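Okay, so here's the structure we're looking at.
Nothing here was measured: the structure is a model prediction, and the numbers come from that model.
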Amino acid sequence: MKMSKLFAVLMISLLCGLFSNTRSVFANDGKKEANTRSLRARRIIAGLENRPNFWRVRTEEIIDLCQNVRKGKAEKIASTPAGLPVYAVFYGNFSEPVPQSNWSAASSSSTWKSYYTRSGLPQTVLFCAGIHGAEAESVAAAVNLIQMMETGKDFRGQSDPELLNLIAQYRLIIIPCVNMDGRAISPDHLRKTSYEDFRKASQGEWPDGSPIQWRESKEYFPLPLNKVSWPGGYPNSEGFNIMHDACPGHVRTAEARALLQLTERWNVDLLLNGHSCETAPFMLPPSALNYPAHVVRGNDLTVKVNEAICAAGLRESASKNPKNGNTFNLNTLATLASGALSLTLECSVSCNYPPKKPYSYTFDQMMAPNFIALKTLLKDGLREPFVDRAKLFK
């Protein structure tokens, strides 16, 4: 079966059960939920340098910022297994009625516009960070972006008029940290740590002291918490890797359900999913398991973002011919939820990674790819919409 046909089949089957029998996450009363899991203390790495003042990535700092949003609108969209709130912050006009149909049904009907109810309103961009809690770089950027939207300046005291002007031409939703449980137990950053410490803080540690490797961590869903000495900040406190909480009809975590419901409700056009890795920063091309039009558009944007990252001196080169793998994850379900173009950005944690030359990015540089990607994407989205749903409909 060709990939485009397989994607169409998946789209119909996935959304039939994706949002059924799930409690609404948009009407929480702010109280800590019962039967919550206890969290471990934040992991300490000996010799880790102090973070700068603008690197406000601790859960209590994220919560305080969101609870004091005034120019935008902050909404608690989920509670984690440990009872921590997950917030989304909205900027722009979100006044349209609830769609009369979902994207799956509408895209198979006589008009896709039965789902798309925001006629006359700008495109919707969702920037989410911290799906893997140990990866703090996009969390730091999201927090500073909210502060800039609220006050005109970020926590460094800096403004970015170009970015603010671009955002004003869209509707923006920011989820500053999806995996609050993982963030709560993770170090503030992993800059200049050893590769082993990076892996242990991220994916976790076995009882014999060896790190759980990246691909190895994905052999479990959830991670067997009773068989590890440290779970890492990658999963939530129940051991679930939220990025791969993408089983058709069986989305396990409240965090993933909240993101998907948000995507569906507000007709999201572009999902920018912020992550971090041990190498130089880069944008990943979209999965081949996708709408063909999204692969073409996503590849073009990937090249442009990576070239902009290179121009900023944050990596040496960028391929002009992105290779699309067949990955299937939460990005895929977000696309199925609204027709959104979903892209993943990898920042650098700036650890010491033996196979490569040492990276010594500053904290500003560790955060910078998020702003570079946002500006590059938002500029191009004014030239050509991220999603042509009429084309997808055909």
Side-chain angles (χ1 to χ4, degrees), residues 39 41-69 74 84-87 89 127-160 163 174-194 197-198 200-202 232-234 272-281 309 312-314 345-353 358-374:
L39 285 170
R42 182 179 294 111
R43 187 173 181 88
I44 302 299
I45 298 178
L48 192 70
E49 67 182 302
N50 292 331
R51 60 180 179 153
N53 182 58
F54 66 81
W55 199 264
R56 302 190 185 188
V57 296
R58 296 183 182 180
T59 53
E60 61 269 24
E61 295 167 336
I62 298 166
I63 293 169
D64 180 69
L65 176 67
C66 291
Q67 289 181 342
N68 285 285
V69 163
L84 292 171
V86 179
Y87 282 99
V89 182
F127 173 34
C128 69
I131 280 184
H132 295 142
E135 299 168 6
E137 287 66 33
S138 290
V139 176
V143 165
N144 276 274
L145 180 57
I146 293 171
Q147 178 69 4
M148 191 189 305
M149 294 294 292
E150 289 293 309
T151 69
K153 294 183 179 180
D154 61 23
F155 285 114
R156 297 172 294 184
Q158 298 178 14
S159 186
D160 191 332
L163 179 56
I174 305 170
I175 306 179
C177 186
V178 176
N179 183 2
M180 291 284 279
D181 286 357
R183 180 90 294 276
I185 66 170
S186 296
D188 293 325
H189 64 90
L190 295 167
R191 184 172 184 264
K192 295 185 177 180
T193 60
S194 68
D197 277 336
F198 159 68
K200 289 180 178 179
S202 300
Y234 213 59
L272 177 60
N273 195 333
H275 289 254
S276 300
C277 66
E278 65 273 28
T279 65
I309 291 173
L314 299 178
L345 174 70
E346 293 280 356
C347 299
S348 178
V349 301
S350 196
C351 69
N352 296 317
Y353 183 44
Y359 296 101
S360 56
Y361 297 113
T362 65
F363 284 96
D364 292 88
Q365 291 173 323
M366 290 158 65
M367 201 167 62
N370 297 279
F371 302 124
I372 292 170
L374 278 169

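By the 4.5 Å heavy-atom criterion applied to side chains, Phe198 and Asn352 are not counted as neighbours. Using a 4.5 Å cut-off on side-chain heavy atoms (C-beta onward), Phe54 and Gln158 make no contact. Looking at heavy atoms from C-beta onward, Cys347 lies in side-chain contact with Asn370 at the 4.5 angstrom threshold. Between Leu39 and Thr59, the closest side-chain pair of non-hydrogen atoms is not below 4.5 Å. Counting heavy atoms from C-beta on, the side chains of Leu190 and Ile45 come closer than 4.5 Å. By the 4.5 Å heavy-atom criterion applied to side chains, Asn273 and Cys128 are counted as neighbours. Glu137 has its side chain within reach of Trp55: a pair of non-hydrogen atoms, C-beta onward, lies under 4.5 Å apart. Put simply, the side chain of Tyr87 does not reach to within 4.5 Å of the side chain of Ile62, judged on heavy atoms.
Of all non-hydrogen atoms in Ser159 and Lys153, the two that sit nearest each other are CB-CG, 4.2 Å. For the pair Cys66 and Pro176, the tightest heavy-atom approach, listed with the atom from each and the gap, is SG-CG, 3.8 Å. Among all heavy-atom pairs drawn from Val178 and Val86, the shortest one is O-CG2, 3.5 Å. In terms of heavy-atom proximity, Cys351 sits nearest to Glu278 at SG-CB, 3.7 Å. Nearest heavy atom pair, residue Gly133 against residue Arg183, reads O-NE, 2.7 Å. In terms of heavy-atom proximity, Pro369 sits nearest to Pro281 at CG-CB, 3.6 Å.
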Take Leu314 and Ile372 through the side-chain contact (heavy atoms from CB on, under 4.5 Å) test and state the conclusion after the steps.
CA-CA 11 Å; Leu314 299 178; Ile372 292 170; 3.8 Å; yes
Report the C-alpha separation of Leu163 and Leu145 in whole Å, then their side-chain angles, then the decisive distance to 0.1 Å, and conclude whether the side-chain contact (heavy atoms from CB on, under 4.5 Å) test is met.
CA-CA 10 Å; Leu163 179 56; Leu145 180 57; 3.9 Å; yes
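Here Phe371 contributes atom CZ and Asp154 contributes atom CG; the two are 6.0 Å apart, rounded to the nearest 0.5 Å. We find the CD1-CE distance between Ile146 and Met149 to be 9.5 Å, quoted to the nearest 0.5 Å. From Met366, atom CE reaches atom OG of Ser138 across 11.0 Å, with rounding to the nearest 0.5 Å. The structure places OH of Tyr234 at 10.5 Å from CD1 of Ile131, a figure rounded to the nearest 0.5 Å. To the nearest 0.5 Å, the span separating CG on Leu374 from CZ on Phe127 amounts to 5.5 Å. Atom CG of residue Asp197 and atom NZ of residue Lys192 lie 15.0 Å apart, to the nearest 0.5 angstrom.
Applying the side-chain hydrogen bond (donor to acceptor under 3.5 Å, both in side chains) rule to Asn53 yields the partners Arg56; only residues at least two apart in sequence or on another chain are considered.
The backbone N or O of Ser348 lies less than 3.5 Å from no partner atom in the side chain of Ser276, so there is not a single donor-acceptor pair. Side chain of His189 to main chain of Ser350: no donor-acceptor pair is present (N/O by atom type, distance under 3.5 Å, no hydrogens or angles).
For the pair Arg191 and Phe363, the distance from NZ or CZ to the six-membered ring centre is under 6.0 Å and the angle to the ring normal is within 45 degrees.
Between Val139 and the choices Asn144, Val57, Asn179, Ile175, the side-chain contact (heavy atoms from CB on, under 4.5 Å) rule is met once, by Val57.
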